[in-house]
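Here's the structure, in structure tokens; my notes come after.
Because the structure is a prediction, the values reported are computed rather than measured. In what follows, residues are counted from 1 in the order of the sequence shown.
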Amino acid sequence: MLRLIGTLAVVVLAPGFGLSSAFAETPPLFAGTGPAESSYVDPLPATVAVSTYAPPACAAKPCPLLIAIHGMGRNARGARDAWKTAADRGGFLVLAPRFDKEQFSSRRFQQGNVRGEPDKAKWTFGLIERLFDVARASGRVAGGSYTIFGHSAGAQFVHRMVMLMPDARIATAAVANAGYYTLPVLAGERAYPYSLKGTPAVDATLAAALSKPMLVMLGDRDTDPDHPQLNKSRGAEEQGPTRFARGEHFMAAARDEARRLGVTLRWREVVVPGVAHQQSGMAEAAGAELFGVR
């Protein structure tokens, strides 16, 4: 069973996690405009705090949905609030789940609970898809896909979701200032989370992922090799000394794999001038890239 509590709709899911027709008599998600807080109960099992924002332009019509994934600070409200101005200008809904430390270790959050878990139903990435079903059930979301943005640790989560769940209903993904990456390669010395080695991914999975639209966004001042939150593991250090360098290394690997597989790479590197490791600056740049908001 999948439920939302607080101000959100209670939704019952069939055993395969598909949306059923059973709804409780509670206000739906995005019932009003402005910011809102609620909780979501997922079959993982987990109870996740959810921060949302509906701009005035979406008061009387369905709007596109952006899902914002927070960083290491696990501040979902901050992730949502970084998008409020762009949402007002661009006319889209914002939803930000919170992956708290008690339920979601780094292995379950940034890494998606993939390592050593062959059952994809237990991967954390599926929570986003189920939460999207709940958002659609509100009747406030336009279309059958969503945009997803992650900053820092959230960027780690999002790019791994794109690579390991290319069938997810993501229209476009944007990953900003990731601390390190799962390289889009299936073999090598380093296994997951540094590469796809040791995961169920195969050439067909990787080809589908490389064909999904994704922005790899790098702040050109996110170049501090001693940043206190920068991953210093050996596998991360091999990707480069800074987040900026690691992002460029990731994109070079993606170009190589796209050539090997004979597919058109739909990932695009976007360098954001004047921004270091700052969620607000990266969200502003992503708003311009994704929604044309200037």
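- Side chains of S51 and R77: a donor-acceptor N/O pair is absent below 3.5 angstrom, by distance only.
- Considering F99, F125, F104 in turn, F99 is the only one that fulfils the ring-ring contact (aromatic ring centres under 6.0 Å, His included) rule with F109.
- A donor and an acceptor atom, one from each side chain of Y53 and D81, are nowhere located under 3.5 Å apart.
- With rounding to the nearest 0.5 Å, the separation of OG1 in T124 from CE in M165 is 10.5 Å.
- Using cut-offs of 30° and 60° on the angle between ring planes, the pair W83 and F291 is perpendicular.
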Residue pair L183, F250: steps toward the side-chain contact (heavy atoms from CB on, under 4.5 Å) verdict: CA-CA 6 Å; L183 297 179; F250 174 68; 4.2 Å; yes

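- The shortest heavy-atom contact between V158 and A173 is CG1-CB, 3.9 Å.
- With a 6.0 Å cutoff to the six-membered ring centre and a 45° limit on the axis angle, R190 does not count as a cation-pi contact of Y181.
- If you check the side chains of Y194 and S233, you find a donor sitting under 3.5 Å from an acceptor.
- The nearest pair of heavy atoms linking H70 to Q279 is CA-OE1, 4.4 Å.
- Side chains of Y180 and E238: a donor-acceptor N/O pair is absent below 3.5 angstrom, by distance only.
- Of all heavy-atom pairs between A283 and A82, the closest is CB-O, 3.8 Å.
- With R80 contributing its side chain and A36 its backbone, the two residues share a donor-acceptor pair below 3.5 Å.
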